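I have placed the structure first, in the form of structure tokens, so that the comments after it can refer back to it.
None of these values were measured; they are calculated from a predicted model. In the text below, chain A, chain B and the rest are named by the order of the sequence lines, each starting its count at 1.
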Amino acid sequence: MSSNVVVRRDHNEEQREFDQATTGLDLFGAERTIVAMRVNGETHDLSRELGDGDVVEPVFNGEPEGLAILRHSAAHVAAQAIQALHPDAKLGIGPPIVDGFYYDFAVEEPFTPEDLKAAEKKMTQIVKERQRFRRRVVGDDEAREQLADEPYKLELIGLKGNASDDDGSSVEVGAGELTLYDNLRRDASVAWFDLCRGPHVPHTGYIPAYGLTRVSAAYWRGDQKNDQLQRIYGTAWPSKDELAAYKHRLAEAAKRDHRKLGAELDLYSFPEELGAGLPVFHPNGGVIKRVMEDYVRQRHLEEGFSYVGTPHISKEGLFYTSGHLPYFADGMFPPMDDDGQPYRLKAMNCPIHNLIFKSRGRSYRELPIRFFEFGTVYRNEKSGVLQGLTRVRSITVDDSHSYCAPEQAADEIKHLLKFVLGLLSDFGLDDYYLELSTRDEDRVDKFIGSDEEWATATQILRECADESGVECVADPGGAAYYGPKISVQARDAIGRTWQMSTIQYDFNMPARFGLHYTASDGSHQQPVMIHSAKFGSIERFIGVLVEHYAGAFPPWLSPVQVVGVPVAGEFNDYLNEIATLLVERGVRVQIDDSDERMQKKIRTATKSKVPFILIAGGEDRDAGAVSFRYRDGTQNNGVPIDDAVAEIVSAIENRQQV
RNA sequence: GCCGCCUUAGCUCAGUUGGUAGAGCGACGCUCUCGUAAAGCGUAGGUCUGGGGUUCGAAUCCCCAAGGUGGCUCCA
């Protein structure tokens, strides 16, 4: 046996002895904990025996692979704890996920928060016992015998070798080898075991920081038709500090919640009388919405789009022509009957834009023809999926459709992609990646169009994505039924990702609507249609902006840009003179002339997250000046009025954050 | 749609084991006229989400519904 790496670890002598007995490797003295090893490129437990010539690299707990191993091991400990407390709980699967892990159980009664607390306590006990993970290769029959009481695990054994089984289950897939993992006590007796592909940390003491976070329901193998299991979510980290940092991040995210801030800043609300998923924008939210609309309308005009308008309802037949019915009947509100003629609320704008395209003959000279509008569409989202502004039932889409000759499609997509990325950047979202959503090749019946058409369209989108230089990840199965799409996933200020803009390549709808243009040789040709939405949904975009900025919008988006606070009532007039100068420059100003103390007014303005507070008293008036208090609390006193106006106007015009 | 949890004044929340409601903020009024995050006093405001039931008696226990929420599934 030989190894080309010195595997070391920082811990006490007792643990060192135990680790050496466990792993056969000296883990003493390393700065970071080693939880597994890569042997000839494949990840294994540290207990794996090494042969001559094996190339061994350590896997540290801090790197993604090491974290996954740590969390997967934590999932085992959680499951062991649950089964110790609930012997009747049947095991589902328990994979690592972002920030932690989960484990599914079939139980008679759902778990309660108290159950979680008790299980967490039990986990601590298991971790303290430093139970060793032992890998055991077993045959089918032996595995079935050992797991006779675990119906879901038996089902997984039956799935062994099914290459399409990629649901994150912990069964060994396709390798032809089943493994069990035992948790061994110090006396080598088996405390618990699970069907699992591994690898795991050497013993449970390697899981220094963990917690059970919540419980929810989940369908077995992700299918609504299957049993509903109870899913316990947990988190696990290489150190207590990192666990604390994670909890801190969660708390920060909660503070930014757009549902909470929307009420605090008086931006929007969701009146119960109106119905679920139907937001109303208050004057403050209305300003943000209008600024966004003005911006994107102007930008579309600059990019060669024509502004069009369409009604909210249509005869139902239109959506059969487009193919939305019956494909997405569930997503649309039920029909309204008008003397036997069914009408529908529109769930998309494209069919109506097609009617505009068709309204007269089109020449190849006109292409690309670009239509744009804010179209509010209505989707009958299932009650359980609604979420603040990010999942609503009335969705305002900045919807655009480019009709072009097939050979123009690639250029048009590149043009749109550039447009979209510039827009995100103007709204402060500089951190994003692309997602290429393609057809689900196992369920081609859910998508219309030929294999060749799909291949061509996908290829064009892929080339455009590659050429943009932006990172692009694959999303197999995520395409619209009529064609593949590129979507932009933006990361907000605390690293969460949101699907924003989409660009979709559509070869189906032009055919279904019989769209054509006259080519230079006089023949009729079918255009390609590129759907794109830059904000995606205005509602969602506003929700994301609120969370991204935590309500502290850059001045150009702030509902109120300046609040004026007089030191005393006698300075109201002086501040009003300054306000007039600002209003003339288009600035949104409010003078707080209420009967309150100035300290209170400053506090109120600060809590509303206004970017500029202007304060004026006798000293300012005598000097023809005004005093700034910025959002971060810093002051700039006695600024000449002209300079103050210039500073504010400049920040707004340059879309600066302050 | 499925499973769990939640719903008390405009907002944030108290409300012991069932004995028919409280605070702070906000709003309004009066006093105070003040230099960088909360002046003082007072007033109004609630079928305890809605509907059934158990009970002498329900904010509290049970059932149903609506809305919200954490997930699952879905997301053109």
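Rounding to whole angstrom units, CZ of residue A:Phe571 and C1' of B:C34 are separated by 10 Å. Atom-to-atom, CG of A:Asp593 to C1' of B:U33 comes out at 14 Å; the value is rounded to the nearest Å. When the C1' atom of B:C32 is taken as reference, atom CZ of A:Arg597 falls 6 Å away, rounded to whole Å. Between A:Arg214 atom CZ and B:C3 atom C1' the separation is 15 Å, expressed in whole Å. In this structure, A:Leu386 places its CG atom 6 Å from P of B:G68, rounding to the nearest Å. Counting to the nearest Å, the C1' atom of B:U73 and the CG atom of A:Leu229 are 13 Å from each other. If you take CG of A:Asp632 and C1' of B:U36, they are 13 Å apart, rounded to a whole angstrom. Taking atom CD1 of residue A:Ile232 and atom C1' of nucleotide B:G70, one finds them 14 Å apart after rounding to whole Å.
Contact check for A:Val626 versus A:Ile615: no side-chain heavy atoms found under the 4.5 Å cut-off. Between A:Pro351 and A:Thr321, every side-chain heavy-atom pair lies at or beyond the 4.5 Å cut-off. In this structure the side chain of A:Leu156 reaches within 4.5 angstrom of the side chain of A:Arg221, judged on heavy atoms. A:Thr606 is listed as a side-chain neighbour of A:Arg629, based on a closest heavy-atom distance under 4.5 Å. Taking 4.5 Å as the limit, every side-chain heavy atom of A:Leu91 sits out of range of all side-chain heavy atoms of A:Tyr152.
A distance of about 44 Å separates the C1' atoms of B:C56 and B:G71, rounded to the whole Å. Nucleotides B:G68 and B:C11 are separated by 16 Å at their C1' atoms, to the nearest Å. B:U73 and B:A58 have their P atoms separated by 44 Å, given to the nearest Å. Comparing B:G40 with B:G26, their P atoms are spaced 11 Å from each other, to the whole Å. Comparing the P positions of B:A38 and B:C5 gives an interatomic distance of 42 Å, to the nearest angstrom. Between B:U49 and B:C6, the distance separating the two P atoms is 13 Å to the nearest Å. Comparing the same atom, P, in B:A14 and in B:G24 gives a spacing of 16 Å after rounding to whole Å. Here, B:U60 and B:G53 have their P atoms 14 Å apart, quoted to the whole Å.
A:Asn637 contributes a side-chain N or O that forms a donor-acceptor pair with the base of B:U36 under 3.5 Å. If you check distances only, the side chain of A:Arg391 does reach the base of B:C74 with a donor-acceptor pair under 3.5 Å. With hydrogens and angles ignored, a donor-acceptor pair closer than 3.5 Å exists between the side chain of A:Tyr219 and the base of B:G1. You'll find a donor-acceptor pair under 3.5 Å spanning the side chain of A:Gln228 and the base of B:C2, going by distance alone. On a pure distance criterion of 3.5 Å, a polar donor-acceptor pair joins the side chain of A:Ser627 and the base of B:G35.
Within the shown strands, nothing qualifies as a pairing partner of B:A76 under the Watson-Crick or G-U definition with both distances less than 3.5 Å. Base-pair partner of B:C13: B:G22 (Watson-Crick or G-U wobble, both distances under 3.5 Å). When Watson-Crick and G-U wobble pairs are counted only if both distances are under 3.5 Å, B:A59 pairs with no nucleotide at all. Figure legend. B:G50 is base-paired to B:C64; pairs are counted as Watson-Crick or G-U wobble with both atom distances under 3.5 Å. With a cut-off of 3.5 Å on both Watson-Crick or G-U wobble distances, the partner of B:U43 is given as B:A27. Across all strands shown, B:G4 forms a Watson-Crick or G-U wobble pair with B:U69, both key distances being under 3.5 Å. With a 3.5 Å ceiling on both atom-pair distances, B:U36 lacks any Watson-Crick or G-U wobble partner.
Heavy-atom nearest nucleotides on RNA chain B were determined for A:Asp257 and for A:Ala263, and the one closer to the 5' end corresponds to A:Ala263. Taking the nucleotide of RNA chain B with the nearest heavy atom to each of A:Asp595 and A:Phe328, the more 5' of the two is matched to A:Asp595.
Using a 4.0 Å cut-off, no side-chain N or O of A:Ser216 falls inside it from OP1 or OP2 of B:C3. Here A:Lys600 reaches the OP1 or OP2 of B:G26: one of its side-chain N or O atoms lies under 4.0 Å away. Applying the 4.0 Å criterion to OP1 and OP2 of B:G70, one finds that A:Gln387 has a side-chain N or O inside that range. A close approach under 4.0 Å does not occur between any side-chain nitrogen or oxygen of A:Lys607 and OP1 or OP2 of B:A37. Close to B:G70, at under 4.0 Å from its OP1 or OP2, lies a side-chain N or O of A:Arg259. OP1 or OP2 of B:G4 has not a single side-chain nitrogen or oxygen of A:Tyr233 nearer than 4.0 Å.
Side chains of A:His353 and A:Glu373: a donor-acceptor N/O pair is present below 3.5 angstrom, by distance only.
Looking at heavy-atom distances under 4.0 Å, A:Glu619 makes contact with a base. At the heavy-atom level, A:Gly323 lies nowhere under 4.0 Å from the strands shown. Among the protein residues, A:Gln599 comes within range of the sugar-phosphate backbone only, with heavy atoms under 4.0 Å from sugar or phosphate atoms but none that close to a base. Residue A:Arg629 is in base contact, counting any heavy-atom pair closer than 4.0 Å across all strands shown. Among the heavy atoms of the strands, none lies under 4.0 Å from A:Ser322. Contacts of A:Asp330 with the nucleic acid, taken as non-hydrogen atoms under 4.0 Å apart, are absent. Residue contacts for A:Glu570: at a heavy-atom cut-off of 4.0 Å it reaches no nucleic acid atom on any strand shown. Residue contacts shown for A:Gly536 are absent, as no nucleic acid heavy atom lies under 4.0 Å away. Among the atoms of the strands shown, base atoms are found under 4.0 Å from some heavy atom of A:Ala217. Residue-level contact check: A:Tyr482 touches the backbone only, with heavy atoms under 4.0 Å from sugar-phosphate atoms and none from bases. Heavy atoms of A:Glu264 sit nowhere under 4.0 angstrom from any nucleic acid atom. Among the protein residues, A:Lys601 comes within range of no part of the nucleic acid, since none of its heavy atoms lies under 4.0 Å from any strand.
Considering only the side chain of A:Met598, B:U36 comes nearest among B:C3, B:U36, B:A39. Here the side chain of A:Ile615 is nearest to one of B:G35, B:C72, B:A76, namely B:G35.
Under 4.0 Å is where a charged nitrogen must lie from a carboxylate oxygen, and between A:Arg249 and A:Glu252 no such pair does. Comment: A:Arg621 engages A:Glu570 in a salt bridge, judged by a side-chain N to carboxylate O separation of less than 4.0 angstrom. A salt bridge does not link A:Glu381 with A:Arg393: every distance from a Lys NZ or Arg NE/NH1/NH2 to an Asp or Glu carboxylate oxygen is 4.0 Å or more. Between A:Lys607 and A:Glu264 no salt bridge is recorded (no basic side-chain N to carboxylate O distance below 4.0 Å).
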Check nucleotides 41-51 of chain B against the protein and report each pair of N or O atoms closer than 3.5 Å, with its distance, or say if there are none.
none

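Evaluated for a side chain to side chain donor-acceptor pair (under 3.5 Å) with A:Asp506, the options A:Lys485, A:His531, A:His401 yield exactly one hit, A:His531.
Within the cation-pi definition used here (under 6.0 Å to the ring centroid, within 45° of the axis), A:Arg231 qualifies as a partner of A:Tyr102.
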